[in-house]
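From a predicted model like this one, the values you see are computed outputs, not experimental measurements.
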Amino acid sequence: MRLLDTAQMREADRRTIEDVGIPSVVLMENAGRQVVAAIEARFDSLEHWRIAVLCGPGNNGGDGFVAARVLAEQGLSVGVFLLGRAADVKGDARTTLASLRTLGHDVVEIGDAAAWELHGSDVLDADLIIDALFGTGLRGPLTGLAETIVADVNASPKPVVAIDLPSGVSADGPNVPGPAIDAIMTVTLAAPKLPLVLPPAEQLAGALVIADIGIPDAVIDAIDGPRTEILSRESMRALIVPRAHDSHKGTYGRVLVVAGSRGKSGAAHLAAMGALRSGAGLVTVATPASVLPIVSALGAEYMTLPLDESADGVVVESAVDAVLAFHADVIAVGPGLGNT
């Protein structure tokens with residue numbers, strides 16, 4: 001599964017809107033609904049909870065307006081809080097905000113520190129907080145009122161679900177540029193972003209849910225620029241070729257692992273098990289003679305070969321002959337060989 005940065009995500013949106021013909025407001029509607037679906041799958045008894053949705057003035061806030069509307073339509077107790085003024089909300093976010101208001105749902109404007117002082121307790125006393133302040137469009141660290149709100153939310157014990165990215169995290173790298181939301185779950189849109197899978201930023205994401213909002217896989221796959229993939233069961237399954245029924249362990253290669261020394265027998269065992277789990281048919285561990293009984297006892301799946309050693313249990317140069325004489329398709333050297 002491909003990871004996208006800010007520019008690539010913007011391009012995926014553009015191609016979906018212009019080339020595929022899916023309106024941007026539809027993508028936003030899909031995003032908000034997918035966030036609600038993820039929340040319903042994660043939390044029980046939502047009908048008894050009070051939910052606070054923190055929205056920014058951009059598209060991330062638009063996703064939050066949709067999520068708030070869908071939750072409210074289900075009869076849940078939802079409060080919506082906008083960082084800034086409603087008059088400053090533009091584009092599709094303005095459309096989803098208008099829909100929310102048309103249906104009779106109030107939006108509390110948090111335009112300054114005094115407004116947060118007045119209404120912040122309504123957010124922090126909620127049973128669940130949805131973070132829709134800033135998404136992939138964030139540039140630079142959070143400051144001012146946004147920084148204060150993030151700090152107060154993080155100090156609260158209430159669970160936070162972030163939309164697309166925890167606010168304060170940049171989509172362009174794993175480092176956290178400043179204060180950022182610490183979420184229990186992040187519902188990322190269309191494709192995962194780099195900071196959601198790499199430290200240190202991944203520690204702020206919580207459980208990761210990848211939401212399909214209608215951007216075709218072919219569009220994501222065709223985006224230019226850096227290409228980073230994360231492995232999944234589905235992607236790896238396509239690489240595994242079923243083995244023939246009449247095959248045997250000798251069909252799948254012989255690996256000689258030269259590893260271990262006195263006090264480091266575990267390294268040899270782990271290397272051998274790694275070779276076996278990667279698909280090698282026959283694995284032999286070449287290790288100092290005094291270490292061999294320990295290595296043999298650690299695993300019945302592999303064979304062993306004793307090597308000449310020094311008085312302190314380290315492989316010596318004369319052992320090279322035994323290694324080179326051994327019939328193997330692959331020779332893996334290390335770890336735990338000591339000072340040889």
Side-chain angles (χ1 to χ4, degrees), residues 1-13 16 24 27-28 30-39 42 52-68 81-84 91-93 96 128-143 146-147 149-151 153-154 159-215 220 223 225-226 228-230:
M1 181 174 295
R2 189 176 184 184
L3 304 173
L4 300 183
D5 60 23
T6 300
Q8 290 171 328
M9 189 66 230
R10 189 181 298 116
E11 178 65 9
D13 281 334
T16 301
S24 56
L27 297 178
M28 188 171 286
N30 291 345
R33 290 184 175 275
Q34 288 285 4
V35 169
V36 172
I39 289 173
R42 173 66 185 265
V53 186
L54 277 171
C55 297
N59 286 341
N60 198 247
D63 300 333
F65 295 141
V66 174
F81 303 85
L82 171 63
L83 177 60
D92 295 323
T96 59
L128 175 67
I129 300 172
I130 298 177
D131 165 31
L133 290 172
F134 303 100
T136 57
L138 181 69
R139 297 179 181 275
L142 299 181
T143 59
E147 180 180 6
I149 292 174
V150 166
V153 169
N154 285 343
V160 180
V161 173
I163 298 181
D164 210 17
L165 288 169
S167 291
V169 171
S170 168
D172 292 325
N175 293 323
V176 184
I181 286 288
D182 188 356
I184 192 173
M185 179 171 75
T186 297
V187 184
T188 196
L189 309 177
K193 287 74 185 178
L194 196 64
L196 299 178
V197 298
L198 290 178
E202 68 165 346
Q203 299 175 24
L204 300 174
L208 181 60
V209 176
I210 303 168
D212 180 2
I213 64 170
I215 297 178
I220 294 174
I223 297 297
T228 307
E229 304 269 352
I230 56 173

Hey, does the side chain of [X] reach the backbone of [Y] with a donor-acceptor pair shorter than 3.5 angstrom?
X      : Y      : answer
Arg42  : Val161 : no
Asn30  : Asp212 : no
Thr186 : Thr188 : no
Ser167 : Ile181 : no
Glu202 : Pro195 : no
Gln8   : Asp5   : yes

> With respect to Met28, which candidate in Ile213, Asp92, Asp13 satisfies the side-chain contact (heavy atoms from CB on, under 4.5 Å) definition?
Replying inline: Asp92
Should [X] and [Y] count as side-chain neighbours, where that means a heavy-atom distance under 4.5 Å?
X      : Y      : answer
Ser24  : Thr16  : no
Arg10  : Thr136 : no
Phe134 : Leu142 : yes
Leu204 : Asp182 : yes
Pro200 : Asn175 : yes
Ile130 : Ile39  : yes

Return the minimal non-hydrogen interatomic distance between [X] and [Y], and the atom names on each side.
X      : Y      : answer
Ala132 : Gly64  : CB-CA, 3.7 Å
Gly225 : Arg2   : O-NH2, 3.7 Å
Pro174 : Leu194 : CD-CD2, 4.0 Å
Pro159 : Leu128 : O-CD1, 3.5 Å
Leu196 : Ala205 : CD2-CB, 3.7 Å
Ile220 : Ala191 : CD1-CB, 4.1 Å

Between atom [atom1] of [X] and atom [atom2] of [Y], what is the distance when rounded to the nearest 0.5 Å?
X      : Y      : atom1 : atom2 : value
Cys55  : Leu83  : SG    : CG    : 10.0 Å
Thr6   : Asp172 : OG1   : CG    : 3.5 Å
Leu189 : Asn59  : CG    : CG    : 10.5 Å
Lys193 : Leu208 : NZ    : CG    : 9.0 Å
Arg33  : Asp63  : CZ    : CG    : 13.0 Å
Leu3   : Leu198 : CG    : CG    : 7.5 Å

>> Could you walk me through whether Val153 and Asp131 satisfy the side chain to side chain contact (heavy atoms under 4.5 Å, CB included) test, starting with their C-alpha distance in whole Å, then the side-chain angles of each, then the deciding distance to 0.1 Å, before giving a yes or no?
In response: CA-CA 10 Å; Val153 169; Asp131 165 31; over 6 Å; no
